[in-house]
Asks: 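Quick one: the structure is below, questions incoming.
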Amino acid sequence: MDQANSCIDSHFRGSFQAIDYMYYPHKETNQEACPVTTMNVNSTIQKPMDMEILNTGKHPD
């Protein structure tokens, strides 16, 4: 399947960009709200272990 890339000439204002991933420093107002630009990782990979070599195929959970 061929897919084409396209560009827009304005900022995308979806809910993640405009509402969900925003800092709201004032509880009662949207004043000084700003977008989240960096997020810390809040998870760890349990398997495979670092540098572990796996055989091909399915692996149990």
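The basis for the numbers below is simple: all heavy atoms, side chains too, and nothing from hydrogens, waters or symmetry mates.
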Asks: Donor-acceptor pairs are to be reported for all side-chain atoms of residues 25-41 against protein atoms at under 3.5 Å, with residues two or more places apart or in another chain.
Replies:
{"from": "T29", "atom 1": "OG1", "to": "Q31", "atom 2": "N", "distance (Å)": "3.2"}

Asks: With T44, which residues qualify under side-chain hydrogen bond (donor to acceptor under 3.5 Å, both in side chains), at least two apart?
Replies: Q46
Asks: Please name all residues satisfying ring-ring contact (aromatic ring centres under 6.0 Å, His included) with Y24, sequence neighbours left out, ordered by chain then number.
Replies: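 ring-ring contact (aromatic ring centres under 6.0 Å, His included) check on Y24 returns nothing, list empty.
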Asks: Would you please name every residue forming a side chain to side chain contact (heavy atoms under 4.5 Å, CB included) with I53, sequence neighbours left out?
Replies: none
Asks: Please say yes or no: joined through hydrophobic side-chain contacts below 4.5 Å, possibly via intermediate residues, are I45 and M49 part of one cluster?
Replies: no
